[in-house]
Amino acid sequence: MSYNVLIVDDSKSMRKVMLKTLQLSGFELGECLEASNGQEALDILDGRWIDLILSDVHMPVMDGIGFIRSLREQDICRDTPVVFVTTEANQDRLKQLMDLGASGYIRKPFRPEDIRALLNRIMGETNGFRMGTDVEGCDF
């Protein structure tokens with residue numbers, strides 16, 4: 001089974017790094033969409049099925065906090081897993097994201113095996129992964 005993923009980050013190069021990381025991690029990708037901020041992500045989600053969202057916190061127009069607040073108000077997206085990939089180190093802010101319904105977070109820089117472990121926990125034991133994929137030595 002493949003998963004449709006939405007990557008939300010204001011940096012195009014970071015969106016590409018996250019996509020490459022997902023590919024290296026062994027995650028079974030279906031359609032992968034990209035947005036540069038929370039509002040653009042909400043627009044993309046209108047009428048599309050997404051299984052997982054990877055989002056930055058600090059973005060223009062609508063940041064990650066505004067995005068997850070709006071997302072959780074929509075019936076169809078209420079339970080969609082959202083993982084924040086961020087430089088945010090403020091524990092109060094990270095707790096706020098979790099309280100708003102984030103499934104988890106990972107700090108930049110990150111490694112593909114870290115993404116794999118987190119998504120493995122969030123999406124289910126082995127769902128979405130080709131186990132045994134070797135990504136040793138790759139660090140983003």
Side-chain angles (χ1 to χ4, degrees):
M1 175 179 177
S2 60
Y3 293 92
N4 294 335
V5 176
L6 174 60
I7 299 173
V8 187
D9 197 297
D10 57 320
S11 166
K12 184 175 183 169
S13 60
M14 184 51 67
R15 292 192 308 266
K16 298 299 179 198
V17 166
M18 283 193 264
L19 173 60
K20 187 65 172 174
T21 300
L22 284 174
Q23 293 167 335
L24 288 172
S25 74
F27 192 74
E28 294 287 345
L29 280 175
E31 184 176 20
C32 188
L33 302 169
E34 297 180 17
S36 62
N37 61 66
Q39 183 57 59
E40 189 177 316
L42 291 173
D43 294 342
I44 287 172
L45 286 167
D46 187 27
R48 286 197 172 94
W49 180 259
I50 296 294
D51 298 296
L52 172 69
I53 299 168
L54 299 176
S55 179
D56 192 9
V57 174
H58 303 287
M59 300 174 287
V61 183
M62 180 185 282
D63 67 5
I65 290 174
F67 172 58
I68 197 165
R69 276 189 179 129
S70 296
L71 185 71
R72 294 306 185 220
E73 292 174 359
Q74 299 178 13
D75 288 335
I76 196 162
C77 300
R78 182 165 289 139
D79 297 322
T80 302
V82 178
V83 174
F84 284 94
V85 182
T86 183
T87 58
E88 181 63 61
N90 181 305
Q91 289 300 314
D92 291 334
R93 173 76 47 99
L94 294 171
K95 182 181 181 321
Q96 181 183 20
L97 291 168
M98 297 303 288
D99 290 346
L100 289 169
S103 302
Y105 63 88
I106 192 161
R107 290 199 185 107
K108 298 172 188 173
F110 52 84
R111 299 174 307 157
E113 54 267 31
D114 297 332
I115 293 280
R116 178 175 51 199
L118 179 61
L119 296 184
N120 189 26
R121 181 179 57 79
I122 290 168
M123 300 302 284
E125 186 88 20
T126 58
N127 290 344
F129 296 91
R130 292 186 310 266
M131 299 310 289
T133 302
D134 183 16
V135 292
E136 190 86 20
C138 187
D139 192 8
F140 291 106

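Excluded from the calculations below are hydrogen atoms, water molecules and symmetry mates; all remaining heavy atoms, backbone and side chain alike, are included.
- Under the 4.5 Å side-chain heavy-atom criterion for ILVMFWY residues, no single connected hydrophobic cluster contains both Val85 and Ile44.
- Annotation: the span from Met59 atom CE to Phe67 atom CZ amounts to 7.0 Å, rounded to 0.5 Å.
- Side-chain atoms of Arg72 come within 3.5 Å of backbone atoms of Gly101 as a donor-acceptor pair (strictly under, hydrogens ignored).
- Looking at Asp9 and Lys108, a side-chain N of the basic residue comes within less than 4.0 Å of a carboxylate O on the acidic one, giving a salt bridge.
- Cluster annotation: Leu119 is connected to Val17 through the hydrophobic network of ILVMFWY side chains, with a link wherever side-chain heavy atoms come within less than 4.5 Å.
- No option in Leu45, Val83, Ile68 other than Leu45 meets the side chain to side chain contact (heavy atoms under 4.5 Å, CB included) test with Ile53.
- Between Leu42 and Met62, some side-chain heavy-atom pair lies under the 4.5 Å cut-off.
- Distance CG/Leu71 to OG1/Thr80: 6.0 Å, rounded to 0.5 Å.
- Between Leu6 and Ala41, the closest heavy-atom pair is CD2-CB, 3.8 Å.
- When only modelled atom types and interatomic distance are considered, Gln39 and Asp43 share a side-chain donor-acceptor pair under 3.5 Å.
- Taking OG of Ser55 as the start and CG of Asn37 as the end, the distance is 9.5 Å to the nearest 0.5 Å.
- Cluster membership check: Val82 does not share its hydrophobic cluster with Ile76, using side-chain heavy-atom separations under 4.5 Å among Ile, Leu, Val, Met, Phe, Trp and Tyr.
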Test side chain to side chain contact (heavy atoms under 4.5 Å, CB included) applied to Asp56 and Met14, step by step: CA-CA 9 Å; Asp56 192 9; Met14 184 51 67; over 6 Å; no
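- Criterion: ILVMFWY side-chain heavy atoms under 4.5 Å apart, direct or through other members. Under it, Met18 and Phe84 are not part of a common hydrophobic cluster.
- Considering all non-hydrogen atoms of both residues, Ala35 and Glu40 come closest at CA-OE2, 3.4 Å.
- To the nearest 0.5 Å, atoms CG (Leu29) and CD (Gln23) are separated by 6.0 Å.
- The side-chain heavy atoms of Val61 and Asp10, taken from C-beta on, include no pair separated by under 4.5 Å.
- Within the model, atoms CG of Leu118 and OG of Ser103 stand 8.5 Å from one another, a figure rounded to the nearest 0.5 Å.
- In this structure, Ser25 and Pro112 approach most closely via the heavy-atom pair CB-O, 3.7 Å.
- Side-chain heavy atoms closer than 4.5 Å link hydrophobic residues (I, L, V, M, F, W, Y) into clusters, and following such links, possibly through other members, connects Ile122 to Leu54.
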Chi angles and distances behind the side chain to side chain contact (heavy atoms under 4.5 Å, CB included) call for Leu52, Phe27: CA-CA 11 Å; Leu52 172 69; Phe27 192 74; 3.8 Å; yes
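- Comment: Asp75 engages Arg78 in a salt bridge, judged by a side-chain N to carboxylate O separation of less than 4.0 angstrom.
- Between the CG atom in Asn4 and the CH2 atom in Trp49 there is a gap of 9.5 Å [rounded to 0.5 Å].
- For Asn90, the CG atom sits in a packed shell: over 12 heavy atoms of surrounding residues, nucleotides or ligands are nearer than 6.0 Å.
- Arg107 approaches Glu88 most closely through the heavy-atom pair NE-O, 3.1 Å.
- The shortest heavy-atom contact between Met123 and Pro81 is SD-CG, 3.9 Å.
- With a 4.5 Å cut-off on side-chain heavy atoms, Thr21 and Leu24 do not count as touching.
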Leu97 vs Ile65, side chain to side chain contact (heavy atoms under 4.5 Å, CB included): CA-CA, chis, key distance, verdict: CA-CA 7 Å; Leu97 291 168; Ile65 290 174; 3.6 Å; yes
